[in-house]
Amino acid sequence: MKIKKLCAGLFALGMAFSLMLPTPVRAAEAASGITTNAVPGWPQGADITSTAAVVMEESTNTIVYAKNMDQQLFPGSTVKIMTTLLALENSQLTDQVTMTATGVSGVTDGGANISANLDEVFTMEQCLYAIMLVSANDIALQVAEHLGDSVEGFVQMMNQRAAELGCTNTVFTNPTGLSDENQHTTAHDMALIMQAAMENETFRTIAGALSYTISPTNISGGERVLTNNFSMMSAANAAYYQNCLGGREGYTDASGSTLVCGAEKNGVTLIAVVLQGASGTTAAEAGSLLNYGFDNFQMLSLGDTDFNMLSGGNVYVPVGTAADSLTTKDGTPENGQYTRQYYFGNAPVGTSVMAAVQEQDTALTDAGEKNIEAARNYSEKHMAVPYYVIAGAGILLLGFLIYRIIKTAKS
């Protein structure tokens, strides 16, 4: 009997110890690198053939889908999103940009271009449409020199801005995305860059244009009609995505197929990044990931009844999630407010800014209430005549006095 009890005790001890150990990630998840699939209760996203991908909700920073999102890879032509963003932040659309040998070199470098000529003058607006709609390398190089005094100076601006946006694994070496062994980024970093770009209304206008016409310049006597060649924006393309807001894609031998885009549906904006894919596959994969993000998640607003919430309070969570199932973590109060992070399991799904309301010192209040209660109890115990009888008698006495005064006055 003692041996049986001992074995049972050892078995129970072993079970308890095993429960203390971390649960291993399923083999399929580990192999595919889809880390979001490991979140308990999270809608399971399908694997894609491309090496890395991210889908991020723009306003809450919720990572809806992540596959190898921090793996360093070549960005390809998606670099031009940062080039365009920096130009919008550091110039006016009416600025004049004159082509030099630097920009003209982009006509013969083997990449896309608009056949710009030496000393030809464009407005910054024309330049940015050329970069985003047809991925013009000649114009990207000239814009870089125009804003940074040199391409190298502009590259420094690119890397500084990337760091400001929270990119931790990105190094830019040129504004075009042409192959360079030292130039790399991650799917997550590119999502952060696209997020900043999408917050700029002019960027949205340019990226979302289907076509744009560059009028005759000081050298070119004819118009240049630019048609947006981003596959997800073309209704004639099999990869056309109706809710797409624009983006940039490209292909080099080193980077493979790369793509960054934004899409909006029912007031929700998602950013999709797909890196190192086979030629012709990334747009279709981005579309399927966007569908997954729109169909399986919903936006919840948590601030309708919380008067201490100053801003934010929206969360992007799996469909059917109740607000009370989320957990929170509060930051350190500063200047009368603090940040609250919301979690679905261990996945961040939104934030809010809360007013740091100091807890009231209830000691005096409690003491006052106790004194009032004591006085009420004393009165009830020591007052033989109820309050309403006293009040009634007072009213009768007052009426009698008024009657006597009136009667005396008449006599």
Side-chain angles (χ1 to χ4, degrees), residues 23-58 60-76 78 185-192 194-195 230-233 237-245 247-251 255-266 268-299 315-321 343-349:
T23 303
V25 177
R26 292 191 292 271
E29 293 168 0
S32 68
I34 305 175
T35 53
T36 42
N37 281 354
V39 178
W42 203 259
Q44 297 297 286
D47 197 2
I48 57 175
T49 60
S50 298
T51 300
V54 154
V55 176
M56 182 175 77
E57 198 284 316
E58 180 193 29
T60 64
N61 294 333
T62 302
I63 300 298
V64 175
Y65 179 95
K67 176 183 178 180
N68 300 325
M69 72 174 188
D70 294 318
Q71 182 174 338
Q72 293 182 3
L73 297 166
F74 295 117
T78 62
T185 189
T186 67
H188 188 204
D189 283 358
M190 284 307 305
L192 295 176
M194 185 61 168
Q195 179 186 40
F230 184 47
S231 59
M232 299 182 75
M233 294 288 291
N237 195 299
Y240 173 67
Y241 195 80
Q242 182 178 2
N243 302 108
C244 186
L245 299 172
R248 194 66 258 152
E249 63 189 332
Y251 181 90
S255 69
S257 184
T258 61
L259 181 148
V260 176
C261 73
E264 185 175 15
K265 184 177 181 180
N266 298 328
V268 173
T269 299
L270 298 181
I271 294 167
V273 181
V274 182
L275 299 180
Q276 201 177 66
S279 178
T281 64
T282 50
E285 290 184 339
S288 66
L289 292 179
L290 287 169
N291 287 337
Y292 159 81
F294 285 127
D295 295 344
N296 293 281
F297 296 82
Q298 64 180 354
M299 189 72 74
V315 293
Y316 200 57
V317 293
V319 171
T321 300
Y343 293 89
F344 179 97
N346 61 349
V349 292

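Here the structure is a predicted model, which is why all the values come from computation and not from measurement.
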* Starting from the C-alpha separation in whole Å, work towards a yes-or-no answer on side chain to side chain contact (heavy atoms under 4.5 Å, CB included) for E285 and T49. => CA-CA 8 Å; E285 290 184 339; T49 60; 2.5 Å; yes

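Checking side-chain atoms of E264 against main-chain N and O of T269 turns up no donor-acceptor pair under 3.5 Å. Side chain of N243 to backbone of A263: no donor-acceptor contact under 3.5 angstrom is found. Looking at T60, its side chain never comes within 3.5 Å of a backbone N or O of V315 through a donor-acceptor pair. At distances below 3.5 Å, at least one donor-acceptor pair connects side-chain atoms of K67 with backbone N or O atoms of I48.
Considering only heavy atoms from C-beta on, F230 stays 4.5 Å or farther from N237 through its side chain. Counting only heavy atoms from C-beta outward, the side chains of K265 and L290 never approach each other to under 4.5 Å. V64 places none of its side-chain heavy atoms less than 4.5 Å from the side chain of M56. Inter-residue side-chain proximity for M190 and T258 is flagged as unmet; no heavy-atom pair is nearer than 4.5 Å.
Of the inter-residue distances, the one linking N68 atom CG with H188 atom NE2 reads 14.0 Å to the nearest 0.5 angstrom. Between T282 atom OG1 and M232 atom CE the span is 9.0 Å, to the nearest 0.5 Å. Here Y241 contributes atom OH and L245 contributes atom CG; the two are 10.5 Å apart, rounded to the nearest 0.5 Å. Distance CG/D47 to CD1/I34: 4.0 Å, rounded to 0.5 Å. To the nearest 0.5 Å, atom CD1 of residue I271 and atom CG of residue L289 are 14.0 Å apart.
Under the 30°/60° scheme for interplanar angles, the aromatic rings of W42 and F344 are found to stand perpendicular. Under the 30°/60° scheme for interplanar angles, the aromatic rings of Y316 and F297 are found to lie parallel.
Residues P43 and Y292 approach most closely at O-OH, 2.6 Å, considering heavy atoms. Minimum heavy-atom separation, T185 to L275: CG2-CD1, 4.4 Å. Here the closest non-hydrogen pair linking T186 and Q71 is CG2-O, 3.5 Å. The minimum heavy-atom distance between V319 and D295, with the atom names listed, is CG2-O, 3.9 Å. Closest non-hydrogen pair, Q195 versus E58, comes out as NE2-O, 2.7 Å. Here the closest heavy-atom approach between residue G277 and residue S50 is recorded as CA-OG, 3.2 Å.
Scanning for side-chain contact (heavy atoms from CB on, under 4.5 Å) contacts around A284 gives an empty result, with sequence neighbours left out.
Side-chain contact annotation: S231 with E249, donor-acceptor N/O pair under 3.5 Å present.
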